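Note that the structure is predicted; figures quoted are calculated from it, not measured.
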Amino acid sequence: MSSSMLVVTAHVGDFVWRCGGAMALHAQRGVDVHLVCLSYGENGESNAAWKGDTQRDAVKAQRRAEAEAAAQILGVASLDFHDLGDYPLPDSADSVRRISDTLRRTKASVVLTHPEHDPSNLDHCRTFEMALRARMQAMAPGHGADFVVPPQVLCFEPHQTELCGFKPNVLLDITDVWERKWQAMQAMPTQSNLWAYYERVALQRGAQAGRRGKTAGTRYGEAYQSIFPAVVSALME
């Protein structure tokens, strides 16, 4: 397997919980996995790091180090921090351009990002919009001769699916790389309160994937929702 994958997240922890399995699985198969984190999550997703007279720069440095460690465990080929700030994440035309440039450079065939709706975290909604704007710019020849074939966009599972209207149509078996995802999760001690929750999510999606795929060995899974229709030459393999 070749080609590449681009992951775009609002905060540094998001990629580990929601698509760490997909990242590890595809990196293991020879796919270049590229990661963009729009913020360090220093304001709203680093509660455990704020103690006494902790300084903002120290929190950001801690979250960056955690993200770099987790990305290395998952086999990420490149990691780009935009440091936009969070809660709320601002719109950034420059970040859209940078993501677009990454798409043009890597020729990614799939983009993983947040779903369109998430009323509990508007940073995620902003990230979805910016990722799609970058995709649109990357496929436009008017922005340069290196325009890309439009990549598929897969939204990974949000923290509370019911609030977001998330309806997955792709279940990915990550059993073979679960230990690597678990190690990457543990590389994020600032958000250790999420470890057990996302293990339960993986077990639940694994049970569903095993049932749908009739594969007894499926124990851990991840759920995704595709944004664009798949183009196929046959309806049966």
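Interatomic distance, CG of L38 versus CG of D123, reported as 9.0 Å (0.5 Å rounding). Taking OG of S109 as the start and CE of M5 as the end, the distance is 7.5 Å to the nearest 0.5 Å.
Ion pairing between D91 and R133 holds under the 4.0 Å rule for side-chain N and carboxylate O. At a threshold of 4.0 Å, the pair E45-R63 does not count as salt-bridged, since none of the basic side-chain nitrogens sits closer than that to a carboxylate oxygen. R98 has no carboxylate O lying under 4.0 Å from a charged side-chain N of D101, or vice versa, which leaves the two without a salt bridge.
One side chain, S120 or D118, offers a donor N or O that lies under 3.5 Å from an acceptor on the other. A donor and an acceptor atom, one from each side chain of T190 and Q62, are located under 3.5 Å apart. Counting only N and O atoms by type, the side chains of E222 and Y224 include a donor and acceptor under 3.5 Å apart.
No side-chain donor-acceptor contact under 3.5 Å links S95 to the backbone of S92. Here the side chain of Q55 pairs a donor or acceptor atom with the backbone of D53 at under 3.5 angstrom. Of the possible polar contacts, none joining the H114 side chain to the C155 backbone as a donor-acceptor pair under 3.5 Å is found.
You'll find the side chain of I227 stays beyond 4.5 Å of the side chain of L154, heavy atoms only. Between L35 and D80 the shortest side-chain heavy-atom distance does not fall below 4.5 Å. The closest side-chain heavy-atom distance from E66 to V12 is not below 4.5 Å.
F228 pairs by the ring pair (Phe, Tyr, Trp, His ring centres under 6.0 Å) definition with nothing, not counting sequence neighbours. Residues satisfying the side-chain hydrogen bond (donor to acceptor under 3.5 Å, both in side chains) criterion with Q225, sequence neighbours excluded, are absent altogether. Taking the side-chain hydrogen bond (donor to acceptor under 3.5 Å, both in side chains) definition, one finds that N169 meets it with S226, sequence neighbours left out. Here Y198 pairs with W17, H159 under the ring pair (Phe, Tyr, Trp, His ring centres under 6.0 Å) rule; sequence neighbours left out.
Applying the ring pair (Phe, Tyr, Trp, His ring centres under 6.0 Å) test to residues at least two apart or on different chains, the pairs with a partner in residues 38-93 are H11-Y87, Y40-F81.
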**Report entry** Check against side-chain hydrogen bond (donor to acceptor under 3.5 Å, both in side chains), S78 and H34
**Finding:** CA-CA 5 Å; S78 72; H34 303 279; 2.6 Å; yes

Report task. Carefully, step by step, assess Q208 and R211 under the rule side-chain hydrogen bond (donor to acceptor under 3.5 Å, both in side chains). Result -> CA-CA 5 Å; Q208 294 170 346; R211 181 175 177 81; over 6 Å; no

Requested in this report: Please assess T175 against D173 for the test side-chain hydrogen bond (donor to acceptor under 3.5 Å, both in side chains), listing each intermediate value before the final yes or no.
Outcome: CA-CA 6 Å; T175 305; D173 181 358; 2.7 Å; yes

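Aromatic ring pairs are classed by plane angle as parallel below 30°, tilted from 30° to 60° and perpendicular above 60°; the pair W182 and W195 is perpendicular.
The only option from K167, R18, R205 that meets the salt bridge (charged side-chain N to carboxylate O under 4.0 Å, His left out) definition with E157 turns out to be R205.
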Could you tabulate the donor-acceptor pairs under 3.5 Å formed by side-chain atoms of residues 134-150, not counting sequence neighbours?
from : atom 1 : to   : atom 2 : distance (Å)
R135 : NE     : P151 : O      : 2.7
R135 : NH2    : P151 : O      : 3.1
D146 : OD1    : R104 : NH1    : 2.5

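Heavy atoms from other residues, nucleotides or ligands lying under 6.0 Å from CZ of R219 number 12 at most. A 6.0 Å sphere centred on CD of Q186 holds more than 12 heavy atoms belonging to other residues, nucleotides or ligands.
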